[in-house]
Amino acid sequence: MSAMTDAGLAGARERWVSTGGVELCVAELGDTDRPTVVLVHGYPDSKEVWSQVAEQLASRFHVVLYDVRGHGRSTAPRPLRGGFTLEKLTDDFLAVVDAVSPDRPVHLVGHDWGSVQGWEFATVARTEGRIASFTSMSGPSLDHFGHWIKKRMARPTPRRAAQLLNQGAKSWYVYMLHTPVLPELAWRGPLGKRWPKLLQRVEGIPAGDYPTASLPSDAAHGAWLYRDNVRPRLRRPRADAYAHVPVQLITPTGDAFLSERLYDEVELWAPDLVRRTLPAKHWVPRTRPDQLAAWITEFVTAREEPAARTPEQRAPGKYADRFGGQLVLVTGAASGIGRATAFAFAEAGARVVCVDRDADGAARTADMARLVGAPQAWGEGVDVSDEQAMEKLAEKVASEYGIVDVLVNNAGIGLSGPFLDTTSEDWKKVLDVNLWGVIHGCRLFGRQMAERGQGGHIVNTASAAAYLPSRTLPAYSTSKAAVLMLSECLRAELASKSIGVSAICPGIVNTNITATSRFAGVDEAEEKRRQQKSSRLYGLRNFPPEKVADAILLAVVKNQAVVPVTPESKGALWMSRFAPGTLRRIARLEPRL
């Protein structure tokens, strides 16, 4: 083992560890007195795939990365055949751990084949006491995979057959890598040259950002990971492959190589399990480093500091695996749908920024959000129609809380009355809040999401009035129709940046919007009477805002485009598409208020 020198990772210290006839290149960042996090890369990567995650973790932990044998700057075994078995990879891991953290167990993180190795390390007896926790992403245990296959073949059903066929199709590259010689020729030839552009087109990783120059030889050597391990383990999976450490499983929902169904029974093998899902493709260390760093930090800290409350402990709500630790901003959060949405994200373990022109109401929502599960929540008094105020809010949120992962543009006001009785001032007020408020939010926070380059989601609250013409709601319906179309346009534009956009269209929901809605063309007394009557009607309908909040979270999880919520909203959307003439005739009827 040589003295440490500067490595390719910025600010890293480099050392060499000898094991099993190979020399492993090890890089370290951060204070060695802090808990050690070991990052293990996959195929056909080198340790540099972790550079962005490692730099963020280094402020809190002692971070260790190493090139797996035959990859990066580590030497390859001779001969290659039989030199990449999981047993020898376990020897390598223990040699690295003994060198960098001889007295304390380490927190293991693996991606792709690094995760496949990690499952081996976390389940074999000889590593007990050397690992404190394991975070897995995009790489199953070969033993668990083998049992998964055997179970579906022993008791076939149409669903299980479909799962096998789906994963079989995703695993096409595994068959190719078992072909003698050809994979090596391809990687050292045209495939190796074209790989960076393929990653850019398929995964959105900027060309030149990754991989390193050693890719052709890394990929050629790494083919033996598959040849030495896949067939033997799938044929004879270990029966005792139970994790002896806490496991955090992060599953990218858009992984082109691994089905989410592979992990359906992982709880049987990992009793102390925390699940996370991420709307991303395979190479999450490059495309979602911020989120990975946050989740790894939370998981490691919870194991190092048992008294610390972690999102998975605090957040019993639905979708906690998806939103735990994420930053969500909700406008119009002082009451109604906005408040219910803030609470729903809080219950899922998200950090929540509650925005409303009623500053006291926003603060109360934030206080209650912390009580129901949010690890952090803040109230901000801002009028969404004020562009300068929204710009200041965006700057403050980015600098003090972080880049928003989910934006919910929910703030809105109601206005009823015939078009000819609606003044230009009435139009300005409703458009300023209902439309321009959404535009300001999308432009400011959407730009921050896009510049970060790690995806996100925007939810805009429209209305069934967006596609339901009414003689009494011309201004309100116009504003909401504009929000709906804006959402559709943004969805098309931002898809390439992995930013989803959803338009939520509630119908008659029991909120206080009716009590504050204005009625054009009537005096103050008549307006008050109509507000009270509308409130009673909405109260009798009694569709709670919590159901709209549930629909909002589901829309983000499934990346839905247009989401009608109430039965009347769903019916109106159907009629707008298939019976628009009927809707137009209904619109002529004069409501009695």
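Residues Ala389 and Asp383 share a closest heavy-atom pair of CB-O, 4.4 Å. The nearest pair of heavy atoms linking Trp283 to Pro44 is CZ2-CD, 3.9 Å. Closest heavy-atom contact between Tyr476 and Val430: CA-CG2, 4.4 Å. The nearest pair of heavy atoms linking Ser385 to Asp432 is CB-O, 3.3 Å. Across all their heavy atoms, Pro506 and Ile337 have their closest contact at CG-CD1, 4.0 Å. Considering every non-hydrogen atom in both Asp356 and Ala333, the closest pair reads OD2-N, 3.3 Å.
Ring planes of His111 and His282: tilted class, angle from 30 to 60°. Aromatic ring orientation, Phe323 versus Tyr319: perpendicular (interplanar angle above 60°, classes split at 30° and 60°).
Looking at Arg370, its side chain never comes within 3.5 Å of a backbone N or O of Ala346 through a donor-acceptor pair. Under the 3.5 Å distance criterion, the side-chain polar atoms of Asp405 are matched with a main-chain donor or acceptor of Leu327. The main-chain N or O of Leu435 is never found under 3.5 Å from a side-chain atom of Ser479 such that the two would form a donor-acceptor pair. Side-chain N or O atoms of Asn434 include one that pairs as donor or acceptor with a backbone N or O of Ile413 at under 3.5 Å. Using modelled atom types, no side-chain atom of Arg351 and backbone atom of Ala377 make a donor-acceptor pair closer than 3.5 Å. Panel note: side chain Ser463, backbone Ala466; no donor-acceptor pair is recorded below 3.5 Å. Listed for the Lys570 side chain is no donor-acceptor partner under 3.5 Å among the backbone atoms of Val563. Distance alone, capped at 3.5 Å, places no donor-acceptor pair between the Arg159 side chain and the Ala162 backbone. Put simply, the side chain of Ser416 gets close to the backbone of Thr472: a donor and an acceptor are under 3.5 Å apart. Gln448 places a side-chain N or O within donor-acceptor distance of the main-chain N or O of Ala394, the cut-off being under 3.5 Å.
Side-chain contact check for Val382 versus His440: every heavy-atom pair is 4.5 Å or farther apart. With contacts defined as side-chain heavy-atom distances shorter than 4.5 Å, the pair Leu444/Met390 qualifies. Under the 4.5 Å side-chain criterion, counting only non-hydrogen atoms from C-beta, Trp50 is not in contact with Asp45. Residues Val459 and Asn409 are not in side-chain contact: their nearest non-hydrogen atoms beyond the backbone lie 4.5 Å or more apart. Side-chain contact between Val352 and Phe343: absent, with no pair of heavy atoms (C-beta onward) separated by less than 4.5 Å. Using a 4.5 Å heavy-atom cutoff, the side chains of Leu278 and Leu292 are in contact. No side-chain heavy atom of Val404 sits under 4.5 Å from any side-chain heavy atom of Val353. The shortest distance between side-chain heavy atoms of Val109 and Met137 falls below 4.5 Å.
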- request: Begin with the C-alpha distance, continue with both residues' side-chain angles, and end with the deciding distance and a verdict on salt bridge (charged side-chain N to carboxylate O under 4.0 Å, His left out) for Glu387 and Lys392.
  value: CA-CA 9 Å; Glu387 183 176 8; Lys392 291 179 181 178; over 6 Å; no

- request: Tell me, with the steps shown, if Val397 and Phe445 meet side-chain contact (heavy atoms from CB on, under 4.5 Å).
  value: CA-CA 9 Å; Val397 169; Phe445 294 100; 4.2 Å; yes

- request: Kindly determine whether Glu568 and Thr566 satisfy side chain to side chain donor-acceptor pair (under 3.5 Å), including the steps that lead there.
  value: CA-CA 5 Å; Glu568 62 271 15; Thr566 62; 3.1 Å; yes

message: Run Asn166 and Gln163 through side-chain contact (heavy atoms from CB on, under 4.5 Å) and show every step you take.
response: CA-CA 5 Å; Asn166 180 43; Gln163 291 175 353; 5.7 Å; no

- request: Verify side-chain contact (heavy atoms from CB on, under 4.5 Å) between Phe543 and Ser569, making sure each step is shown before the conclusion.
  value: CA-CA 12 Å; Phe543 192 94; Ser569 178; over 6 Å; no

message: Let's go through Val355 and Val330 carefully: what are the C-alpha distance in whole Å and the side-chain angles of both, what is the deciding distance for side-chain contact (heavy atoms from CB on, under 4.5 Å) to 0.1 Å, and is it a yes or a no?
response: CA-CA 6 Å; Val355 178; Val330 182; over 6 Å; no

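No donor-acceptor contact under 3.5 angstrom links the side chains of Gln454 and Gln291, judged on distance only. In this model, a donor atom of one side chain and an acceptor atom of the other lie less than 3.5 Å apart for Ser115 and Ser136. Using modelled atom types and a 3.5 Å distance limit, the side chains of Asn559 and Arg491 yield a donor-acceptor pair. Of the N and O atoms on the side chains of Ser138 and Asp112, not one donor lies less than 3.5 Å from an acceptor on the other residue. A donor and an acceptor atom, one from each side chain of Ser171 and Gln167, are located under 3.5 Å apart. Between the side chains of Ser46 and Glu48, at least one donor-acceptor pair of N or O atoms lies under 3.5 Å. With hydrogens and angles left out, the side-chain atoms of Arg322 and Thr277 include no donor and acceptor closer than 3.5 Å.
Heavy-atom neighbours of Lys547 NZ from other residues, nucleotides or ligands within 6.0 Å: at or below the threshold of 12. More than 12 heavy atoms of other shown residues, nucleotides or ligands fall within 6.0 angstrom of atom CD in Glu260. Heavy-atom contacts from other residues, nucleotides or ligands closer than 6.0 Å to CH2 of Trp436 number 12 or fewer. Atom CZ of Phe419 is surrounded by 12 or fewer heavy atoms from other residues, nucleotides or ligands within 6.0 Å.
Atom CG of Asn410 sits about 6.0 Å away from atom CD1 of Ile552, to the nearest 0.5 Å. Annotation: the span from Thr287 atom OG1 to Lys281 atom NZ amounts to 9.5 Å, rounded to 0.5 Å. Glu488 CD to Ser502 OG: the interatomic distance, rounded to the nearest 0.5 Å, is 10.0 Å. Here OG of Ser576 is found 4.5 Å from CG of Leu573. Values are rounded to the nearest 0.5 Å. Distance CG/Leu407 to CD1/Ile458: 5.5 Å, rounded to 0.5 Å. Taking CG of Leu198 as the reference point, atom CG of Leu191 lies at 7.0 Å (rounded to 0.5 Å).
Using a 4.0 Å cut-off between charged nitrogen and carboxylate oxygen, Lys497 and Glu451 do not count as a salt-bridge pair. Comment: Asp264 engages Arg261 in a salt bridge, judged by a side-chain N to carboxylate O separation of less than 4.0 angstrom.
For the side chain to side chain donor-acceptor pair (under 3.5 Å) condition, the pairs that include at least one residue of residues 393-403, sequence neighbours left out, are Glu380-Lys396, Glu380-Tyr401.
Aromatic pair Phe578/Trp574: centroids less than 6.0 angstrom apart.
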